[in-house]
**Student:** 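I'd like to ask you about the structure that follows.
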Amino acid sequence: VSVNFTTRKYFSDPDTFLEIRAGMGYSPDIRRIQNSEGLASDELFRLRSQRLGVLLQKRIINNLLLSLNGNLTHQELAFDLDEYVWITTIEAAVSYRF
């Protein structure tokens with residue numbers, strides 16, 4: 001189960017915009033656990049995560065685009081339940097549309 005939200009604010013043209021994304025949800029994680037008698041069983045865990053992202057894209061000239069993308073994720077660790085890690089990403093790109 002997950003929920004995601006995206007909104008965009010367009011400026012001078014369809015290639016120039018600010019986008020804001022937010023999401024949260026659960027991801028299934030199946031683990032095989034062995035007990036003291038040597039018998040294995042499968043257990044299903046649901047890992048939680050939340051995400052917030054911002055994308056800014058601008059047309060420079062004609063079909064040349066410049067974009068800057070940033071994401072912040074708060075994700076539960078698969079090997080240590082109820083413990084979380086922060087993941088940040090920043091990307092810059094120059095694109096040419098044919």
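Because the structure is predicted, anything quoted here is derived from the model rather than measured.
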**Student:** Kindly write out the residues that satisfy side chain to side chain donor-acceptor pair (under 3.5 Å) with N62, not counting sequence neighbours, or none if the list is empty.
**Tutor:** none
**Student:** Please list all pairs passing the salt bridge (Lys or Arg N to Asp or Glu O under 4.0 Å) test where one or both residues lie in residues 83-98, with sequence neighbours left out.
**Tutor:** D15-R97
**Student:** Once ring-ring contact (aromatic ring centres under 6.0 Å, His included) is applied, do any residues pair with Y10, and if so which ones, sequence neighbours excluded?
**Tutor:** F17
**Student:** Taking salt bridge (Lys or Arg N to Asp or Glu O under 4.0 Å) as the definition, give me every residue that meets it alongside R51, ordered by chain and number, with sequence neighbours left out.
**Tutor:** none
**Student:** Apart from L65 itself, what residues make up its hydrophobic cluster when side-chain heavy atoms of I, L, V, M, F, W and Y under 4.5 Å apart count as a link, directly or indirectly?
**Tutor:** none
**Student:** Under 4.5 Å side-chain heavy-atom separation, chaining through any Ile, Leu, Val, Met, Phe, Trp or Tyr, what else clusters with L64? Say none if it is isolated.
**Tutor:** I60, I61, L66, V94, Y96, F98
**Student:** Here's a test for you: under side-chain hydrogen bond (donor to acceptor under 3.5 Å, both in side chains), which of T6, N71, N4 qualifies with R21?
**Tutor:** N71
**Student:** Just to verify, what does Q50 make a side chain to side chain contact (heavy atoms under 4.5 Å, CB included) with, not counting sequence neighbours?
**Tutor:** M24, R48, H74
**Student:** Rounded to the nearest 0.5 Å, what separates atom OG in S49 from atom CD1 in I87?
**Tutor:** 8.5 Å
**Student:** Each residue besides W86 in its hydrophobic cluster should be listed here, by chain and number; the cluster joins Ile, Leu, Val, Met, Phe, Trp and Tyr at side-chain heavy-atom distances under 4.5 Å.
**Tutor:** L72
**Student:** Applying side chain to side chain contact (heavy atoms under 4.5 Å, CB included), can you list everything that pairs with L56, at least two apart in sequence or on another chain?
**Tutor:** L18
**Student:** What residues form a side chain to side chain donor-acceptor pair (under 3.5 Å) with S67, not counting sequence neighbours?
**Tutor:** none
**Student:** State whether the number of non-hydrogen atoms from other residues, nucleotides or ligands found under 6.0 Å of Y26 atom OH is greater than 12.
**Tutor:** no
**Student:** Using the test side chain to side chain donor-acceptor pair (under 3.5 Å), find all partners of R46 that sit at least two apart in sequence or belong to another chain.
**Tutor:** none
**Student:** Among all residues two or more places apart in sequence or in another chain, which pass the side chain to side chain contact (heavy atoms under 4.5 Å, CB included) test with F5?
**Tutor:** T7
**Student:** Quick one: are V85 and T73 in side-chain contact, heavy atoms under 4.5 Å?
**Tutor:** no
**Student:** Could you tell me if the side chain of L81 sits less than 4.5 Å from the side chain of L47, heavy atoms only?
**Tutor:** yes
**Student:** Answer whether the closest heavy-atom distance between the side chains of E76 and D82 falls below 4.5 Å.
**Tutor:** yes
